[in-house]
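Because the structure is a prediction, the values reported are computed rather than measured. All heavy atoms count here, side chains included; hydrogens, waters and symmetry mates do not. All residue numbers refer to positions in the sequence shown, counting from 1.
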Amino acid sequence: MLSVAPVLVSAQGVRGPMMGGIMTPPASQRPPGLQFVGIEQHLNAEVPADLEFRDELGNPVKLADYFGHGRPVILNLGYYQCPMLCSELLQGLVGSMKALTFDLGKDFDVVTVSFDPRETTEMAAAKKRDIIKRYGRANADQGWHFLTGKADQINALTKSVGFEYQFDPKTEQYAHAAAIVMLTPDHHISGYFYGVEFPPKDLRLGLVQASQNRIGNIGDQVLLYCYHYDPRTGKYGAIISNILKLAGLATMLILGAFMFVMFRADRRFARLADQRADRELGRVT
């Protein structure tokens with residue numbers, strides 16, 4: 001397990017940088033109010049699918065309802081009455097998703113879960129209307145789900161993905177990390193992306209990798225060969241050795257194609273020369 005601190009946290013409505021660097025210091029060394037705030041990565045761990053929540057219509061649902069369709073799932077943890085950071089994250093996620101050719105509800109799903117057990121389905125419904133309107137694609141409401149739940153179910157979910165947050169009773173607000181979690185179609189953790197804005201390239205590669213190659217094309221497979229997910233940064237970085245291998249292979253293919261074309265051209269020129277010589281010989285005789 002890797003403990004990582006996202007770049008941004010929300011604490012009593014304040015947005016600002018975490019401690020220097022990516023790694024989270026021990027809880028005893030963190031600023032007051034942030035002792036239990038951060039991300040402890042549980043890569044490849046299974047998220048319990050039997051956890052029970054209510055959707056934005058008030059219907060009882062289980063996490064399992066959003067899996068088993070062959071699509072990856074983006075898990076977003078926040079709360080609907082968050083004064084700043086959660087809305088910024090959702091808007092950033094919408095912007096990145098709009099830049100993708102993948103369609104929500106067809107190629108992947110998003111599940112937003114409030115970790116505040118006091119929040120209601122009405123709050124979830126209002127947030128969904130706003131976000132779906134921003135996304136603006138047809139049938140998106142079938143692929144983005146906004147859930148509320150009881151404390152024990154919420155705690156089980158946040159613990160399974162290593163999402164740590166802290167409630168301030170004086171302000172009645174939460175200090176929490178800014179991150180989304182990529183889940184495979186069989187509800188295992190594939191990766192974490194941090195912050196409130198997500199580069200479309202990273203988001204696309206994250207979805208392709210989480211889908212276990214069920215979505216995407218050959219170009220995505222080439223990019224995944226050249227770029228590797230770095231859990232310490234939550235981004236995809238270039239693998240120089242693999243890029244050099246591909247460059248060498250491409251060079252060999254280009255040279256091979258060039259030599260083949262030249263060989264074919266030489267044979268064609270030789271054949272034409274022979275035909276011309278035969279015609280000249282025919283005139284002489």
Side-chain angles (χ1 to χ4, degrees), residues 10 39 42 44-82 85-87 89-91 93-94 97 102-135 137-167 172-174 176-190 192 207 210-212 214:
S10 173
I39 298 289
H42 297 169
N44 301 319
E46 183 176 9
V47 174
D50 59 347
L51 298 178
E52 298 178 345
F53 297 92
R54 288 193 178 272
D55 66 14
E56 64 278 353
L57 299 177
N59 300 317
V61 295
K62 291 186 177 182
L63 278 186
D65 297 337
Y66 308 113
F67 294 90
H69 310 297
R71 298 191 295 268
V73 173
I74 299 175
L75 175 64
N76 160 229
L77 294 166
Y79 67 112
Y80 304 126
Q81 298 300 298
C82 180
L85 194 60
C86 295
S87 294
L89 186 151
L90 287 171
Q91 292 175 27
L93 180 57
V94 165
M97 288 166 48
F102 296 153
D103 288 320
L104 178 61
K106 177 184 176 182
D107 300 304
F108 69 102
D109 293 293
V110 181
V111 176
T112 295
V113 182
S114 169
F115 53 69
D116 186 347
R118 303 170 302 173
E119 293 197 320
T120 65
T121 55
E122 290 78 13
M123 295 176 185
K127 182 62 70 174
K128 178 169 182 173
R129 286 193 296 270
D130 176 55
I131 295 301
I132 294 300
K133 182 179 179 180
R134 292 175 183 272
Y135 183 59
R137 294 191 189 178
N139 303 317
D141 59 325
Q142 302 300 313
W144 199 326
H145 315 279
F146 289 74
L147 311 184
T148 55
K150 296 181 179 179
D152 60 333
Q153 303 297 289
I154 293 170
N155 291 339
L157 175 59
T158 57
K159 184 178 181 180
S160 70
V161 299
F163 186 89
E164 302 172 345
Y165 57 100
Q166 189 168 337
F167 182 69
E172 294 191 348
Q173 294 176 12
Y174 288 89
H176 63 91
I180 57 175
V181 186
M182 311 298 289
L183 302 177
T184 66
D186 57 356
H187 46 88
H188 285 74
I189 299 172
S190 175
Y192 297 77
L207 286 170
S211 76
Q212 299 167 339
R214 289 183 171 91

Donor-acceptor under 3.5 Å (H176 side chain, Y174 main chain): no

message: Does any part of the side chain of V110, heavy atoms only, come nearer than 4.5 Å to the side chain of M97, both counted from C-beta?
response: yes

message: Are Y192 and I180 packed together at the side-chain level, in the sense that at least one heavy-atom pair is separated by less than 4.5 angstrom?
response: no

task: Report yes or no: does Y135 contribute a side-chain atom to a donor-acceptor pair with the main-chain N or O of W144 at less than 3.5 Å?
output: no

field: Smallest separation among heavy atoms of L51 and A156, with atom names
entry: CD2-CB, 3.7 Å

task: Indicate yes or no: does R137 engage D103 in a salt bridge with an N to O separation below 4.0 Å.
output: yes

field: Non-hydrogen atoms of G78 and C86 that approach each other most closely
entry: CA-SG, 3.7 Å

Check: S160 main-chain N/O paired with H42 side-chain donor or acceptor under 3.5 Å: yes

task: Check L85 against A178 and note the closest heavy-atom contact, atom names and distance.
output: CD2-CB, 3.8 Å

- prompt: For S114 and E119, does a side-chain donor sit closer than 3.5 Å to a side-chain acceptor?
  reply: yes

- prompt: side-chain contact (heavy atoms from CB on, under 4.5 Å) between D186 and F67: does it pass, once the steps are laid out?
  reply: CA-CA 6 Å; D186 57 356; F67 294 90; over 6 Å; no

message: Evaluate R71 against D109 for salt bridge (Lys or Arg N to Asp or Glu O under 4.0 Å), listing each step before the verdict.
response: CA-CA 7 Å; R71 298 191 295 268; D109 293 293; 2.8 Å; yes

- request: For the residue pair T121 and R54, establish whether any side-chain heavy-atom pair is separated by less than 4.5 Å.
  value: yes

message: Looking only at side-chain N and O atoms, does K128 offer a donor or acceptor that is under 3.5 Å from a partner on T112?
response: no

- request: Could you pull out the closest heavy-atom pair between T148 and A124, with the gap in Å?
  value: CG2-CB, 4.2 Å

message: Set out, in order, the CA-CA distance, both residues' side-chain angles and the distance that settles side-chain contact (heavy atoms from CB on, under 4.5 Å) for D107 and R214, then state yes or no.
response: CA-CA 9 Å; D107 300 304; R214 289 183 171 91; over 6 Å; no

query: Distance from N139 atom CG to K106 atom NZ, nearest 0.5 Å?
result: 11.0 Å

task: Take the angle between the ring planes of Y79 and F115 and call it parallel below 30°, perpendicular above 60°, tilted in between.
output: tilted

message: Exactly one of L63, I189, L157 should register a side-chain contact (heavy atoms from CB on, under 4.5 Å) with L75. Which one does?
response: L157

Working for side-chain contact (heavy atoms from CB on, under 4.5 Å), residues K127 and S87: CA-CA 9 Å; K127 182 62 70 174; S87 294; 3.2 Å; yes

Contact summary for A179 and L89, nearest pair of heavy atoms: N-CD1, 3.6 Å

statement: CG of D141 to CD1 of I132, rounded to nearest 0.5 Å, is 6.0 Å

task: Would you confirm whether D65, through its side chain, and V61, through its main-chain N or O, come within 3.5 Å as a donor-acceptor pair?
output: no

query: Taking H187 for the side chain and V47 for the main chain, is one N or O donor matched with an acceptor at less than 3.5 Å?
result: yes

Straight-line distance of Y165 OH to L77 CG, nearest 0.5 Å: 8.5 Å

task: Report yes if the side chains of Q142 and L104 come closer than 4.5 Å at any heavy-atom pair, otherwise no.
output: no

task: Could you tell me the separation between the NZ atom of K62 and the CD atom of Q153, rounded to the nearest 0.5 Å?
output: 9.5 Å

- prompt: Would you say the side chain of F146 lies within less than 4.5 Å of the side chain of D55, judging by non-hydrogen atoms?
  reply: no

task: For residues V94 and Q91, determine if any side-chain heavy atom of one lies less than 4.5 Å from a side-chain heavy atom of the other.
output: no

field: Criterion side-chain contact (heavy atoms from CB on, under 4.5 Å) on F53 and V113, from CA distance to verdict
entry: CA-CA 9 Å; F53 297 92; V113 182; 3.8 Å; yes

field: Rounded distance (nearest 0.5 Å) linking atom CG of N44 with atom NE2 of H188
entry: 8.0 Å

task: Could you tell me the separation between the CG atom of L147 and the OH atom of Y80, rounded to the nearest 0.5 Å?
output: 6.0 Å

statement: For P185 and A210, the nearest pair of non-hydrogen atoms, with its separation, is CD-O, 3.1 Å

SB check D116 R118 (cutoff 4.0 Å): yes

